[in-house]
Amino acid sequence: MDITAIAIAVLVGLALLAAAARACSAPLKLLLKVGLNTLVGLAALAVVNATSSFTGVALGLNLFNALVVGVLGAPGLVLLILVQWVLT
């Protein structure tokens with residue numbers, strides 16, 4: 001195998017690697033964003049529960065609340081508080 005065939009194989013491999021990295025970057029960014037929303041929302045939910053004795057607002061840690069806060073983040077927490085306020 002001569003040097004040109006090796007160089008072409010390396011360039012094709014690098015091009016395929018770059019294409020795969022670009023194709024995977026969008027879902028990775030979405031996953032990181034959802035993860036960050038989850039952490040911020042969970043921290044906000046913990047603060048709401050920690051201050052419930054002063055404010056009178058308490059949200060339970062259940063699957064529905066976790067999903068809403070995980071997907072929407074802090075706005076989801078506000079939504080849950082508003083829903084609780086309307087229903088009580």
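The structure displayed is predicted, hence computed values, not measured ones.
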(message) Could you tell me if the side chain of L45 sits less than 4.5 Å from the side chain of N49, heavy atoms only?
(response) yes

With a cut-off of 3.5 Å and sequence neighbours excluded, list every side-chain donor-acceptor pair involving residues 65-86.
| residue | atom | partner | partner atom | Å |
| --- | --- | --- | --- | --- |
| N65 | ND2 | G60 | O | 2.6 |
| Q84 | NE2 | A58 | O | 3.0 |

(message) I'd like to check the side chain to side chain contact (heavy atoms under 4.5 Å, CB included) partners of T55; sequence neighbours left out, ordered by chain and number.
(response) T51, V57

